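Positions are given from 1, in the same order as the sequence printed here. Note that the coordinates shown come from a computational prediction; the quantities given were computed from them, not determined experimentally. Any value given below was found using the heavy atoms of this structure, including those in side chains, with hydrogens, waters and symmetry copies removed. Whatever order the structure lists them in is the order used to number ligands and atoms, beginning at 1.
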Amino acid sequence: MIDSASFLEENRGSRGRGFNRMKPGDVLTHLGSIVASLMFVWALFQQYFPYQLRHNIDKYFQRAFSFVYPYIQITFSEFTGERLMRSELYSAIENYLSSTSSTQAKRLKADVLKNNQSLVLSMDDHEEVADEFQGIKFWASGKNISKNQTLSFYPVKDEKRYYKLTFHKRHRDLVIGPYLSHVLKEGKAINVRNRQRKLYTNNGSHWSHVMFEHPATFETLALEADKKKEILEDLTTFSQAEDFYARIGRAWKRGYLLYGPPGTGKSTMIAAMANLLNYDIYDLELTAVKDNTELRKLLIETSSKSVVVIEDIDCSLDLTAQRRKPKESEEATGEQDQKPKPPKEDREPKQSQVTLSGLLNFIDGLWSACGGERLIVFTTNYVEKLDPALIRKGRMDKHVELSYCSFEAFRVLAKNYLLLDDHQLFDKIRQLLEQTKITPADVAEHLMPKTVPPNAEVCLSSLVQGLEAAAAEEEEARSKAEEEGMNKEEKEISAIVEETKEENSASKEESKYNQQ
Ligand SMILES: Nc1ncnc2c1ncn2[C@@H]1O[C@H](COP(=O)(O)OP(=O)(O)OP(=O)(O)O)[C@@H](O)[C@H]1O
Ligand SMILES: [Mg+2]
């Protein structure tokens with residue numbers, strides 16, 4: 001255990017005893033002359049001693065010092081190697097020490113992250129803070145040393161930042177093993193929490209991004225509580241299961257298929273997922289991807305801790321047709337790949353040549369494992385249109401149906417939009433919701449404030465009217481369909497009657513003819 005405090009105290013104590021017999025004025029005079037002499041000697045040493053000699057003296061002094069000094073120091077420089085790369089360890093330590101720094105250090109550096117939303121404090125140069133791990137105290141100091149560049153005519157300051165970790169030599173194994181990996185892990189986790197998340201979209205084979213700032217959360221998502229809980233648990237379990245996936249030999253990724261009519265919250269759920277897990281979003285526009293090679297390139301460029309989304313997968317590509325087409329041509333010509341492709345551009349508008357097998361490879365091929373910790377989410381309005389190979393378990397592990405608004409979902413929206421837990425109109429709304437189909441997007445539109453100040457009664461009445469109108473429309477459509485069905489039936493019956501009449505008259509004619 002480091003006992004620096006007591007070490008300093010002892011030194012201070014012995015000095016104090018030595019100076020006790022003198023008067024304060026004498027002490028100061030003495031001290032002044034000692035310091036001046038030391039500085040003079042040091043200046044002489046710096047200036048007149050040959051560099052090699054100075055270097056050797058330094059070296060042996062350090063060795064002799066470390067022989068008696070029981071502490072070990074590790075330095076973590078900001079830049080490693082060619083000074084081009086900022087050391088990952090350095091930033092991890094910076095993040096790791098940020099909380100300790102903000103409580104202990106007296107001079108701090110402030111930085112704003114997440115688009116000016118959160119303030120991050122780190123210790124300033126030459127500050128020192130203590131950290132405790134498994135009951136042992138370590139010292140970390142932030143330093144910024146400046147060196148003059150020697151080969152320059154105009155001396156330019158060359159600044160180097162580093163953290164120095166000091167600990168007693170008996171803790172060497174603990175520090176080099178568990179402590180440093182703990183610092184690295186925690187530092188990275190803080191970095192992930194603090195980063196401004198991004199929403200990427202592909203422009204051909206390149207990703208471009210904007211800041212991701214969707215406010216959706218699972219709390220505000222209108223969904224039945226048990227369904228919400230199930231998805232939440234699934235996501236949280238996934239995000240914490242790195243070791244499990246490694247143990248069972250599976251790539252650390254999970255596929256979600258969200259399906260349901262438009263306006264039922266599929267895109268909103270994706271935003272909520274990303275917000276829950278602190279992931280980036282890669283919104284992949286498949287129609288802009290030229291071919292399978294480009295698709296793979298895009299996949300490789302995605303980072304871990306991300307949600308890769310393909311919206312409206314049924315519209316993105318005519319996947320089933322694309323799978324069939326090569327087979328047909330294969331049958332006709334015998335070989336598929338060697339055959340030069342017809343110049344399609346001449347006859348039809350340029351289409352993406354991404355195939356179903358390319359997409360399947362994207363989801364669970366060898367390349368899909370790179371990066372890890374990734375969700376792949378497909379959305380569709382028509383789940384029945386999708387090729388079963390695409391959505392089988394293992395590829396799309398979880399199928400989530402988002403459907404029309406239930407009363408439970410409505411209550412979530414009422415709480416979000418109107419801050420209401422209950423209201424006299426709720427019973428009526430419940431009955432109407434049981435009779436009619438309305439999407440959460442439509443309900444949300446009714447609940448948007450319509451007056452200043454907002455009035456819940458007005459919004460709920462608007463919803464009731466909307467629901468009644470939808471119910472009336474549905475009723476009308478139903479009776480029309482029934483009528484049409486009846487008409488169709490009547491027509492069919494009369495056609496059959498006509499047919500039998502004709503048949504009867506024909507047979508009568510025939511028997512007459514036979515009798516003659
Ligand atoms: N389940 C829901 N919970 C909360 N808000 C919802 C929900 N469903 C829809 N909304 C609201 O309706 C709007 C449209 O929803 P969203 O874009 O998520 O629908 P979608 O299912 O992705 O539709 P599409 O199939 O057309 O892409 C959202 O802005 C959101 O405010
Ligand atoms: Mg959508």
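In this structure, K428 pairs ionically with E468, as a charged nitrogen and a carboxylate oxygen lie closer than 4.0 Å. Salt bridge status for E476 with K480: absent, with no side-chain N to carboxylate O gap under 4.0 Å. Between K266 and D312 there is no salt bridge, since no side-chain nitrogen of the basic residue lies less than 4.0 Å from a carboxylate oxygen of the acidic one.
Put simply, T379 stays out of reach of the Mg ion (ligand 2), with no N, O or S atom under 2.8 Å from it.
Using a 30° and 60° split on the angle between ring planes, Y282 and W207 fall in the perpendicular class, above 60°.
Annotation: ligand 1 has protein neighbours T220, L221, A222, P262, G263, T264, G265, K266, S267, T268, N381, L413, Y417, P440, A441, each with a heavy atom less than 4.0 angstrom from the ligand.
A cation-pi arrangement is present between R430 and F407, with the terminal nitrogen or guanidinium carbon under 6.0 Å from the aromatic centre and inside a 45° cone about the axis.
If you take CG on N278 and OG on S306, they are separated by 12.5 Å, rounding to the nearest 0.5 Å.
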